[in-house]
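Here the structure is a predicted model, which is why all the values come from computation and not from measurement. In what follows, residues are counted from 1 in the order of the sequence shown.
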Amino acid sequence: TINLLRPTDFQREVLFEARKIINEARIAYRNQKQAYLDAQEWRAKHASGKTDDEKWRAIAGAQELSHRACQAVGKWLEELKEHIKRNRMADDFMEARLRGIESLWGFASGQTGRSLHAVQRAHPRSAAEAQAEALKAARLQTLKDVEEAQKSAAVACGKLLRKLYDWENLQTALVNTKLLKERQAEIRETTAKMAPRTIGKEIEDLEDKVQDEILTLGKQQSSVLEAETSLEQELALIAQRADKDGRKAIKNYLLAAFSHMRNAKLNESLKQTSERINKNRLVDVVPNQEKVVAAMKIVEAGLVYAGKNDEADTVAAAELLKPESQDVEVARNTLAPDEGAEDAQALSQEQLDK
């Protein structure tokens with residue numbers, strides 16, 4: 001069986017899978033950071049030669065989880081590269097940003113693997129190695145040897161997660177923009193075909209079948225209005241969140257898309273369009289529909305451009321190594337319908353102008 005998808009629908013399916021992978025990247029980062037911080041604390045306060053040392057097991061467990069999650073991210077990246085090559089969708093999937101993600105992943109994976117191998121090697125393999133003093137000395141030496149690897153792995157995993165957030169934010173905005181544009185283009189074509197049959201008539205004077213077609217068209221147009229409203233809110237919300245995370249470049253791209261939609265007054269145009277269709281003023285609405293399609297093409301082009309620019313992450317290593325209670329990185333990768341609505345409403349014109 002062959003299942004044919006439009007490029008945008010295929011892109012949406014890939015994005016759905018990508019959100020699962022962001023969870024893996026989050027697991028890799030949080031566990032690697034915990035392994036590093038716990039190792040520092042163990043060396044300073046809890047070093048022991050007990051074979052059943054609970055704190056040591058926690059370090060080893062976090063290190064293993066981090067490496068396994070990192071490997072899952074790598075597997076997904078390979079699959080995505082194959083999708084891009086087979087479907088010729090480099091711009092759609094923002095290949096330039098993926099190269100930056102892949103580079104960070106390669107380094108992070110190497111460091112998590114090195115750290116895991118060292119920690120596993122510190123497990124006693126004989127009665128002599130299990131002696132308390134010998135085991136304590138071996139573990140202390142192991143953590144000293146991999147201190148830099150654990151630290152650099154945590155920083156790399158943190159930057160990897162932030163870059164994945166950037167990519168997911170732009171992909172979400174791009175996919176929803178394309179879906180809205182394509183849907184409006186389809187409705188415009190239908191409207192243009194129906195208009196000559198209904199021109200100069202009141203809707204009550206039309207045949208029942210034609211009236212039903214117009215009412216259906218009006219509902220379809222209303223769904224585009226709802227999608228446009230949701231997209232504006234979504235752009236505002238993820239821009240606000242990116243700003244809180246310190247991901248300034250992505251915030252600016254998203255606010256540029258948001259402000260273009262606002263300045264073009266698409267919401268107002270779509271409301272008028274829906275009302276006129278319901279009153280059988282089909283000829284009058286085609287220019288408005290074309291205006292929406294044109295505006296969404298501009299937003300789409302801006303997001304594609306953003307996907308080709310992979311800015312260096314300027315976040316300080318110290319920020320990425322903070323304990324969980326002080327961590328600036330917010331664990332999220334999907335939007336709750338009402339979450340942060342007040343933030344979106346608080347966007348001022350001054351912010352948009354900037």
Side-chain angles (χ1 to χ4, degrees), residues 1-16 83 87-94 170-201 203 206-235 254 257-258 260-305 307 335 337:
T1 302
I2 297 175
N3 184 25
L4 298 178
L5 295 174
R6 292 189 303 180
T8 308
D9 290 329
F10 175 66
Q11 192 175 355
R12 182 168 54 176
E13 287 191 3
V14 171
L15 179 58
F16 179 76
H83 285 320
N87 296 287
R88 297 184 293 280
M89 296 178 70
D91 286 350
D92 298 274
F93 285 117
M94 303 176 179
L170 287 175
Q171 282 286 297
T172 297
L174 178 60
V175 168
N176 290 337
T177 295
K178 290 168 69 175
L179 287 169
L180 195 155
K181 179 198 72 177
E182 291 168 2
R183 186 63 178 140
Q184 183 61 83
E186 290 171 356
I187 294 171
R188 179 196 61 189
E189 293 298 319
T190 303
T191 304
K193 290 177 182 177
M194 289 180 63
R197 297 160 48 197
T198 64
I199 192 168
K201 298 180 182 179
I203 192 167
L206 298 171
E207 296 178 7
D208 290 346
K209 181 181 177 182
V210 179
Q211 287 188 38
D212 289 341
E213 289 176 357
I214 292 174
L215 291 174
T216 299
L217 187 66
K219 291 177 181 178
Q220 292 172 344
Q221 187 64 66
S222 294
S223 71
V224 172
L225 168 60
E226 292 171 3
E228 195 277 340
T229 302
S230 296
L231 180 56
E232 280 194 18
Q233 184 181 40
E234 184 177 57
L235 287 169
L254 296 168
F258 173 82
H260 181 77
M261 293 176 70
R262 278 290 176 91
N263 292 337
K265 298 182 178 179
L266 298 186
N267 206 263
E268 183 179 327
S269 294
L270 286 167
K271 286 177 182 176
Q272 292 176 355
T273 300
S274 296
E275 292 170 0
R276 288 174 181 174
I277 287 176
N278 290 329
K279 294 177 181 178
N280 190 32
R281 300 292 183 264
L282 271 58
V283 174
D284 298 339
V285 304
V286 173
N288 267 6
Q289 292 173 330
E290 290 174 345
K291 172 187 172 182
V292 173
V293 173
M296 299 318 295
K297 284 181 178 178
I298 292 173
V299 173
E300 179 184 349
L303 293 168
V304 169
Y305 171 79
L335 290 171

Would you say [X] and [Y] make side-chain contact, with heavy atoms under 4.5 Å?
X: M296; Y: M261; answer: yes
X: D208; Y: Q211; answer: yes
X: K178; Y: R12; answer: no
X: M89; Y: H83; answer: no
X: Q221; Y: V224; answer: yes

>> Test your reading of the model: is there a side-chain donor-acceptor pair from N288 to the backbone of D284, 3.5 Å cut-off?
In response: no
> Q171 side chain to D92 main-chain N or O, any donor-acceptor pair under 3.5 Å?
Replying inline: yes
>> side chain to side chain contact (heavy atoms under 4.5 Å, CB included), that's the test. Do R197 and E213 meet it? Break it down for me.
In response: CA-CA 11 Å; R197 297 160 48 197; E213 289 176 357; 3.1 Å; yes
>> Checking T172 against E234: is there a side-chain donor and acceptor pair closer than 3.5 Å?
In response: no
Quick one: pull up [atom1] in [X] and [atom2] in [Y] and give me the separation to the nearest 0.5 Å.
X: T216; Y: I277; atom1: OG1; atom2: CD1; result: 11.5 Å
X: L174; Y: F93; atom1: CG; atom2: CZ; result: 9.5 Å
X: R6; Y: E182; atom1: CZ; atom2: CD; result: 5.0 Å
X: L180; Y: S230; atom1: CG; atom2: OG; result: 9.5 Å
X: T229; Y: L270; atom1: OG1; atom2: CG; result: 7.5 Å
X: Q184; Y: E189; atom1: CD; atom2: CD; result: 11.0 Å

> Pick one: which of E232, E268, E228 meets salt bridge (charged side-chain N to carboxylate O under 4.0 Å, His left out) with R262?
Replying inline: E232
>> Can you confirm whether more than 12 heavy atoms, excluding those of K291, are under 6.0 Å from its NZ atom?
In response: yes
>> Is it the case that over 12 heavy atoms from other parts of the model lie below 6.0 angstrom from the CD1 atom of I199?
In response: no
>> What I want to find out is whether K209 reaches D212 closely enough, with some N-O distance under 4.0 Å, to be called a salt bridge.
In response: no
> Between K181 and E186, does at least one N-O distance fall below 4.0 Å, as a salt bridge requires?
Replying inline: no
Minimum heavy-atom separation for [X] to [Y], with atom names?
X: V283; Y: A195; value: CG2-CB, 3.8 Å
X: A173; Y: L231; value: O-CD1, 4.3 Å
X: L266; Y: A295; value: CD2-CB, 3.7 Å

> What's the verdict on side-chain hydrogen bond (donor to acceptor under 3.5 Å, both in side chains) for T191 and Q289, showing C-alpha distance, side-chain angles and the deciding distance?
Replying inline: CA-CA 9 Å; T191 304; Q289 292 173 330; 3.1 Å; yes
> Out of V285, N278, L282, which one pairs with L217 under the side-chain contact (heavy atoms from CB on, under 4.5 Å) rule?
Replying inline: L282
